[in-house]
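Here is the structure we will look at.
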Number of protein chains: 2
Amino acid sequence: MTAPVEFWFDFSSGYAYFAALEIEALAARHGRAVLWRPYLLGVAFQATGARGLSNTPLKGDYARRDWARLARRKGVPFALPAVHPVATQAACRVFYWLDENLPDAAPGFARGVLDAHFVDGRDVTDADVLAGLAERQGAPPAAAARAADAPEMKQRLREVCDGAVERGIFGSPFFVVDDEPFWGWDRLPMLDDWLARGGW
Amino acid sequence: MTAPVEFWFDFSSGYAYFAALEIEALAARHGRAVLWRPYLLGVAFQATGARGLSNTPLKGDYARRDWARLARRKGVPFALPAVHPVATQAACRVFYWLDENLPDAAPGFARGVLDAHFVDGRDVTDADVLAGLAERQGAPPAAAARAADAPEMKQRLREVCDGAVERGIFGSPFFVVDDEPFWGWDRLPMLDDWLARGGW
């Protein structure tokens with residue numbers, strides 16, 4: 001068995017939305033699974049001293065323009081919500097609760113959260129919204145809503161985030177395959193090439 | 001006449017070195033010239049609050065690994081100098097002096113500075129080194145050396161940098177074509193596609 005492609009991202013990252021549309025097909029072309037790993041970019045920012053694109057002068061304007069043209073180019077929907085970026089702790093906690101209890105539902109839930117924020121403009125900080133998205137993947141909604149604020153899921157998320165930063169993961173999207181890191185949506189072609197050649 | 005592809009970069013930027021190897025051929029495929037525009041990323045950082053990759057935890061390690069594998073992948077030389085990043089004011093001033101007085105020599109000089117730093121490990125903060133690189137492009141070396149510290153070239157560089165930031169330019173490499181911005185070496189394929197289609 002070959003190792004999966006690790007896909008690290010923050011649910012509030014525009015480039016993660018675009019990467020999530022492509023990563024499964026890309027990995028499948030090379031016989032790889034995808035390990036979806038939402039985390040909190042804010043924890044990585046504490047290590048790098050960076051801050052979010054949308055809150056950075058010049059870069060924020062560029063990113064908004066870039067996301068719009070990516071959507072046009074790809075022919076996919078995209079509508080930056082009025083409230084953006086948003087806190088993604090609750091979405092991450094529900095994700096990891098699914099990941100432990102109903103793992104096949106977790107990637108679909110993650111795609112659902114990204115679509116809810118970047119297409120439908122829904123409030124993905126709301127436990128009920130998250131529970132509804134989990135229910136669509138076959139999970140019991142009341143338990144999913146509880147996970148959004150559960151102490152054990154808070155602890156799990158802290159471990160996930162600290163572990164990511166310890167491994168040098170700092171962006172969104174950020175991919176790791178066979179210990180090789182690739183940062184950014186625009187690195188998907190390089191990741192594809194790396195998988196095709198077995199490295200270079 | 002179509003507008004040139006503007007190529008903004010800092011002489012101390014690893015990704016600019018790689019972009020400089022590709023940009024002329026890319027633009028030529030679409031009947032475009034390249035307008036080489038070195039500037040000081042530090043001035044953009046004052047606007048964005050960002051700092052250089054090499055001095056940023058996690059990102060610096062990633063960039064060093066990334067540059068090495070890009071060089072392997074492209075089959076081009078690359079050797080990060082012991083002293084990096086370096087101040088690039090003097091190199092920029094000599095560039096703009098050439099740009100005004102011997103414009104055909106300026107792009108070759110810029111390529112020479114990037115090669116001197118990223119291949120040969122030479123001190124591109126030194127006016128005599130810069131004068132030697134200018135001389136290789138047919139410029140009188142004594143006048144080039146004087147330009148490295150000339151008040152009028154300091155003023156010209158300030159205007160170039162302030163003008164870039166006013167236009168929303170903040171990275172290296174950063175391309176502008178027909179008012180459309182593209183940030184990063186890894187956006188060259190998108191820039192190529194944009195030129196081929198006339199936008200999207």
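All heavy atoms count here, side chains included; hydrogens, waters and symmetry mates do not. Below, chains carry the letters A, B, ... as their sequence lines are ordered, and counting in each starts from 1.
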Tabulate, in ascending numerical order, the residues of residues 22-59 of chain B having at least one heavy atom closer than 4.5 Å to a heavy atom of chain A, or enter 'none'. Ala47(B), Thr48(B), Gly49(B), Ala50(B), Arg51(B), Leu53(B), Thr56(B), Pro57(B), Leu58(B), Lys59(B)
Could you tell me whether a side-chain N or O of Tyr62(B) sits under 3.5 Å from a main-chain N or O of Trp183(A), the two making a donor and an acceptor? yes
So if I take each residue of residues 133-165 of chain B and look for any heavy atom under 4.5 Å from a heavy atom in chain A, which residues do I end up with? Val165(B)
Quick check on the structure: residues of residues 170-181 of chain B within a heavy-atom distance below 4.5 Å of chain A, by number. Phe170(B), Phe174(B), Asp179(B), Glu180(B), Pro181(B)
Could you give the distance from CZ (Arg187(B)) to CG (Asp186(A)), rounded to the nearest 0.5 Å? 4.5 Å
Test the Arg73(B)-Trp200(A) pair against the cation-pi criterion, namely NZ or CZ under 6.0 angstrom from the six-membered ring centroid and within 45° of the ring axis. yes
Interface residues of residues 77-103 of chain B facing chain A - heavy atom cut-off under 4.5 Å: none
Go through the atoms of Arg72(A) and report whether side chain, backbone, both or neither lie under 4.5 Å from a heavy atom of chain B. side chain
